[in-house]
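First comes the structure, then the notes that go with it.
The chains referred to below are lettered A, B, ... by the order of the sequence lines, with proteins before strands, and numbering in each begins at 1.
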Amino acid sequence: MAEIQLHNTLAGKIEKFVPQKAGEVRMYTCGPTVYDYAHIGNYRTFVFQDILRRFLKLRGFKLNHVMNLTDVDDRIIANAAAAGKSIRDYTEKFVQAFFDDCRSLSIEAPEHWIRATDHIDDMVKLIERLQQKTFTYPSEGSIYYRIAKFPEYGKLSKVDLTGIQAGARVDNDRYEKESARDFALWKAPKPGEHFWETPIGPGRPGWHIECSAMAMKFLGDTLDIHTGGVDLAFPHHENEIAQSEAATGKPFARYWLHAEHLLVEGEKMSKSLGNFYTLRDLFGKGYKPSALRFALSSVPYRKQLNFTFDGLQQAASSVERLRNFADRLKQGKFPAGKQKGMAARIAKAADEFDAGLSEDLNTARALAAVFDLVREANIAMDKGEFRQGDVSAAQEFLATFDKVFAVMEDNDGEKLRALGFGRPESGPGDTEIDKLVAERNAAKKKRDFVTADRIRKELADRGIIIEDAKDGSVRWKRK
RNA sequence: GGCGCGGUCGCCAAGUGGUAAGGCAAAGGUCUGCAAAACCUUUAUCGGCGGUUCGAUUCCGCCUCGCGCCUCCA
């Protein structure tokens with residue numbers, strides 16, 4: 001197997017990945033802020049994180065992966081207040097929607113899915129530690145982080161501090177700060193706002209402190225991997241580093257991975273441009289979850305992904321090709337024995353697949369390896385050279401592929417129905433289909449093609465595709 | 001202005017100092033009662049200009065275009 005290489009934002013280059021403890025990976029990924037439904041741009045990042053965790057697992061690492069749910073911030077407080085709900089009640093709906101969305105995209109549950117509001121105490125304790133080390137100062141009931149005391153500030157995002165200091169936006173927070181670049185660890189409550197009564201005073205946590213506190217609580221002072229979208233590198237991750245390392249004196253995370261953004265039709269996705277999509281928007285238009293997952297994962301994560309409906313359609317066709325191949329493998333009848341060349345081809349494809357993913361998660365390269373094998377095996381089948389003994393090796397390869405990409409299982413219909421989309425009736429059952437297929441075969445034998453075609457048409461209208469194979473066998477699949 | 005990502009076939013996209021993977025789409029063909037699936041064939045000189053080199057899409061410089069961050073936005 002190839003050496004795993006990952007692009008580390010901290011180093012500014014691709015590095016060999018070596019976890020602190022052999023065989024184990026401690027990973028923290030920034031999850032959604034649950035003030036609304038997450039959009040496909042968010043899911044680009046979450047799918048990337050999923051590919052990463054799945055690949056690490058495939059390579060045998062024991063994973064401890066924490067993903068946070070930010071369930072307290074300005075928008076949540078404002079929206080909850082407007083809705084006359086508690087923060088918990090307001091966010092619950094979006095938390096559940098997020099879980100549902102993740103299931104639809106086959107995003108695995110991390111080892112820990114945690115909510116910020118469940119860890120206020122841990123944040124307070126971390127702030128107290130920073131207070132003791134005089135990295136903080138109070139101002140109008142809030143507590144700020146004094147960046148001037150952390151000389152390494154900017155090492156992740158390479159921001160030019162002098163530039164920021166000269167910036168005009170000094171007081172957007174409406175609080176007094178010593179320096180423009182200082183950020184709030186703890187925010188004093190505004191009138192009527194929800195707050196927590198704590199040893200450091202009443203208020204609510206600043207945005208960055210939750211990740212530092214929760215990551216270190218679950219994973220220890222030094223994480224192996226920390227990821228998020230590129231926009232989080234500054235200020236969010238930079239501030240996490242400042243908080244955590246000031247408190248512990250140790251490196252906070254060893255590898256920082258940042259996913260590039262998704263564009264829609266070449267433009268930044270935004271509500272004002274009308275190109276803002278949630279998963280529900282797309283599923284409502286009839287697109288399949290597997291197609292979306294494929295589209296989001298086929299472009300390597302460090303490259304901006306231009307999302308288009310044409311592209312989504314292309315992804316659907318690509319998935320279709322792969323599933324057709326898997327069906328052919330499963331249902332086809334091949335001569336007994338093994339073909340020496342084919343075994344070698346499969347092994348080569350598996351190597352190349354692994355090499356692709358090992359190279360900073362080069363999903364495009366990994367996919368090419370899969371499609372190469374599909375074509376080669378199809379050719380062998382057409383020539384009658386593919387043997388029964390090659391089936392299991394090919395299937396194993398596809399299974400390995402799918403452990404990471406997770407698009408092979410034909411369950412889009414179920415997933416859509418689970419989210420309330422698609423037809424409630426689930427189409428004809430297997431026995432009914434088999435019966436109709438048998439009737440059609442009988443008709444075909446009598447060369448009664450009118451009846452045969454009528455049955456095929458009827459089934460097609462009910463979502464069943466029938467294919468006659470060369471050897472006279474018939475296979476069917478649900479559309 | 002600073003920092004970062006990127007401009008490769010109609011669309012998506014990989015990649016290398018020695019004349020460019022893969023997917024989708026299109027056209028033609030093989031197979032098929034018809035279809036579907038599959039297969040075959042056809043479709044690029046890599047944003048522009050210089051430089052280094054025997055040779056650059058790949059290295060360097062400049063330019064240009066797109067996008068992002070630098071204001072709690074994945």
Side-chain angles (χ1 to χ4, degrees), chain A residues 9 12 29-33 38-49 70 73-75 154 157-164 166-170 172-173 180-181 183-184 187 206-208 227-236 238-239 258-263 266-270 294-295 298-300 302-308 310-322 324-325 327-328 352 356 359 362-372 374-375 377-383 444 447-449 452-453 456-457 460 465-470 475-477:
Chain A
T9 308
T29 59
C30 287
T33 301
H39 54 69
I40 55 174
N42 296 311
Y43 285 108
R44 198 272 166 109
T45 299
F46 300 143
V47 167
F48 144 66
Q49 291 168 170
T70 299
D73 85 328
D74 289 339
R75 292 165 296 186
S157 55
K158 283 84 180 167
V159 291
D160 179 356
L161 288 179
T162 54
I164 292 178
R169 295 300 190 121
V170 174
N172 198 38
D173 268 349
R181 59 206 204 221
F183 57 93
K187 293 183 172 187
W207 175 32
H208 317 293
T227 80
V230 277
D231 56 310
L232 292 186
F234 188 89
H236 185 52
E238 197 72 66
N239 291 348
H258 290 102
E260 258 298 344
H261 276 180
L262 167 152
L263 305 176
E267 295 185 293
K268 180 175 181 173
M269 180 169 65
S270 73
F294 188 93
S298 57
V299 179
R302 286 206 298 133
K303 177 163 178 150
Q304 285 177 168
L305 189 160
N306 186 17
F307 175 87
T308 63
D310 186 44
L312 193 50
Q313 198 52 56
Q314 293 179 12
S317 299
S318 299
V319 171
E320 197 58 28
R321 175 170 169 84
L322 295 172
N324 280 336
F325 176 68
D327 280 349
R328 194 176 185 188
E352 178 56 20
E359 183 193 72
N362 188 338
T363 48
R365 181 178 163 193
L367 284 171
V370 176
F371 282 105
D372 277 338
V374 168
R375 179 169 29 77
N378 271 322
I379 290 171
M381 288 177 186
D382 284 355
K383 285 185 177 167
K444 267 179 66 184
R447 303 192 67 76
D448 176 5
F449 296 121
D453 290 349
R456 183 169 62 192
K457 175 74 164 56
I465 309 294
I466 288 185
E467 295 175 4
D468 298 327
K470 218 174 187 175
R475 58 202 177 103
W476 57 265
K477 62 184 177 187

| request: Before giving the answer on salt bridge (Lys or Arg N to Asp or Glu O under 4.0 Å), spell out for A:E260 and A:R44 the whole-Å C-alpha distance, their side-chain angles and the decisive distance to 0.1 Å. | output: CA-CA 9 Å; A:E260 258 298 344; A:R44 198 272 166 109; over 6 Å; no
| request: Identify the nucleotide, in any strand shown, that forms a Watson-Crick or G-U wobble pair with B:rC39, with both distances under 3.5 Å; if there is none, say none. | output: B:rG29
| Side-chain touch A:L263/A:L305, heavy atoms, less than 4.5 angstrom | no
| field | Base paired to B:rU16 (Watson-Crick or G-U; both N/O distances under 3.5 angstrom) | value | none
| Integer-rounded Å distance: B:rA35 P and A:R475 CZ | 17 Å
| request: With a 3.5 angstrom cut-off on both distances, give the Watson-Crick or G-U wobble partner of B:rG4, or none if there isn't one. | output: B:rC67
| task | Report the distance from atom CZ of A:R365 to atom C1' of B:rA20, rounded to the nearest whole Å. | result | 16 Å
| query | Taking only N and O in the side chain of A:S157, is any of them less than 4.0 Å away from OP1 or OP2 of B:rC70? | reply | no
| query | Under the 3.5 Å rule, do the base of B:rA35 and the side chain of A:R456 count as making a donor-acceptor pair? | reply | yes
| said: Check the phosphate of B:rA13 against A:N306, side-chain N and O only, distance under 4.0 Å to OP1 or OP2. Yes or no? | reply: no
| message | Return the pairing partner of B:rC34 with a 3.5 Å limit on both distances, Watson-Crick or G-U wobble; otherwise return none. | response | none
| query | Within the structure shown, what part of the strands sits under 4.0 Å from A:D372 by heavy-atom distance: base, sugar-phosphate, or nothing? | reply | sugar-phosphate
| field | Nucleotide nearest A:R447 (side chain, heavy atoms from C-beta), chosen from B:rG4, B:rG33, B:rC69 | value | B:rG33
| request: Taking the side chain as every heavy atom from C-beta outward, state whether A:T33 and A:R75 have any atom pair closer than 4.5 Å. | output: yes
Check: protein-nucleotides 29-32 of chain B nitrogen or oxygen pairs below 3.5 Å:
none

| said: If I pick the P atom on B:rG1 and the same atom on B:rG15, what distance separates them, to the nearest angstrom? | reply: 30 Å
| query | Are any of A:K444's side-chain N or O atoms less than 4.0 Å away from OP1 or OP2 of B:rA35? | reply | no
| request: Verify the contact: side-chain N or O of A:N378 to OP1 or OP2 of B:rC39, cut-off strictly under 4.0 Å; return yes or no. | output: yes
| said: Taking any heavy-atom pair under 4.0 Å as a contact, classify A:G41: base, sugar-phosphate, or nothing. | reply: base
| request: Give a yes or no on whether a salt bridge exists between A:R475 and A:D468, defined as a side-chain N under 4.0 angstrom from a carboxylate O. | output: no
| query | Using 30° and 60° as the class limits, which term best fits the ring planes of A:F183 and A:H208: parallel, tilted or perpendicular? | reply | perpendicular
| query | What integer number of Å spans the P atoms of B:rG29 and B:rA14? | reply | 35 Å
| said: Between P on B:rA13 and CG on A:D310, what's the gap in Å once rounded to a whole number? | reply: 12 Å
| Of A:A452 and A:L367, the one whose closest RNA chain B nucleotide lies more 5' | A:L367
| task | Could you tell me whether the side chain of A:W207 reaches within less than 4.5 Å of the side chain of A:D74, counting heavy atoms only? | result | no
| field | Per A:Q314 side chain, nearest of listed nucleotides B:rG33, B:rC24, B:rA38 | value | B:rC24
| Which residue lies more 5' along RNA chain B, comparing A:F294 with A:F325 via nearest heavy atoms | A:F294
| Among B:rA36, B:rC73, B:rA13, the one nearest A:K268 by side-chain distance | B:rC73
| message | Would A:N378 and A:F325 count as a side chain to side chain contact (heavy atoms under 4.5 Å, CB included) here? Give the steps. | response | CA-CA 8 Å; A:N378 271 322; A:F325 176 68; 3.8 Å; yes
| P-based separation of B:rC49 from B:rA38 [nearest Å] | 41 Å
| Separation of B:rC12 C1' from A:F371 CZ (nearest whole Å) | 12 Å
| said: Please confirm whether the shortest side-chain N or O distance from A:R44 to OP1 or OP2 of B:rC73 is below 4.0 Å. | reply: no
| message | Checking base pairs now: Watson-Crick or wobble, both atom distances under 3.5 Å. What partners B:rG10? | response | B:rC24
| query | Contact class for A:A259 (heavy atom, under 4.0 Å): base, sugar-phosphate, or nothing? | reply | nothing
| request: Tell me what A:E320 touches on the nucleic acid: a base, only sugar-phosphate, or nothing, going by heavy atoms under 4.0 Å. | output: nothing
| said: Any heavy-atom pair between the side chains of A:F294 and A:L322 that's under 4.5 Å? | reply: yes
| Verdict with supporting geometry, A:R375 and A:R321, side chain to side chain contact (heavy atoms under 4.5 Å, CB included) | CA-CA 10 Å; A:R375 179 169 29 77; A:R321 175 170 169 84; 4.0 Å; yes
| said: Can you measure A:W207 atom CH2 to B:rA74 atom P for me and round it to whole angstrom units? | reply: 7 Å
| request: Apply the test side chain to side chain contact (heavy atoms under 4.5 Å, CB included) to residues A:T308 and A:Q314: give CA-CA distance (whole Å), side-chain angles for both, the deciding distance (0.1 Å), then the verdict. | output: CA-CA 10 Å; A:T308 63; A:Q314 293 179 12; over 6 Å; no
| Which part of the nucleic acid, if any, lies within contact of A:L262, taking any heavy atom under 4.0 Å across all strands shown: a base, the sugar-phosphate backbone alone, or nothing? | base
| Counterpart base for B:rC62, defined by Watson-Crick or G-U wobble contacts under 3.5 Å | B:rG48
| said: I want to check something: taking the side chain as every heavy atom from C-beta on, are A:N42 and A:P32 in contact at a cut-off of under 4.5 Å? | reply: no
| task | For A:K383, answer base if it contacts any base atom (sugar-phosphate contacts may also be present), sugar-phosphate if it contacts only those atoms, and nothing otherwise; contact means non-hydrogen atoms under 4.0 Å. | result | nothing
| field | B:rG4 phosphate, OP1 or OP2, under 4.0 Å from A:R302 side-chain N/O | value | no
| A:H261 aromatic ring stacked with six-membered ring of B:rA74, 5.5 Å and 30° | yes
| field | C1' gap between B:rU57 and B:rA13, integer Å | value | 15 Å
| For B:rU53, what is the paired nucleotide under Watson-Crick or G-U wobble rules, both distances under 3.5 Å? | none
| How far does the C1' atom of B:rA56 sit from the matching atom of B:rG47, given to the nearest Å? | 16 Å
| query | How long is the line joining CG of A:D74 and C1' of B:rU71, in whole Å? | reply | 13 Å
| note | Against the side chain of A:K303, the closest entry in B:rC70, B:rG7, B:rC40 is B:rG7
| For A:P300, which contact category applies under a 4.0 Å heavy-atom criterion: base, sugar-phosphate, or nothing? | sugar-phosphate
| said: In this structure, how many angstroms lie between the P atom of B:rC12 and the CG atom of A:L263, rounded? | reply: 11 Å
| Which whole number of Å gives the distance between the P atom of B:rG6 and that of B:rG10? | 22 Å
| request: Report the nucleotide, chosen from B:rA36, B:rC40, B:rC69, that has the shortest atom-to-atom distance to any side-chain atom of A:R375. | output: B:rC40
| Rounded to whole angstrom units, what separation is found between the CD atom of A:Q313 and the P atom of B:rA26? | 11 Å
| query | Contact class for A:H39 vs. all strands (heavy atom < 4.0 Å): base, sugar-phosphate, or nothing? | reply | base
| Say you pick atom P in B:rA21 and the same atom in B:rU43; how far apart are they, in whole Å? | 13 Å
| said: If the threshold is 4.0 Å, N to carboxylate O, is there a salt bridge linking A:E467 and A:R328? | reply: no
| Distance between P atoms of B:rC62 and B:rU58 (Å, rounded) | 15 Å
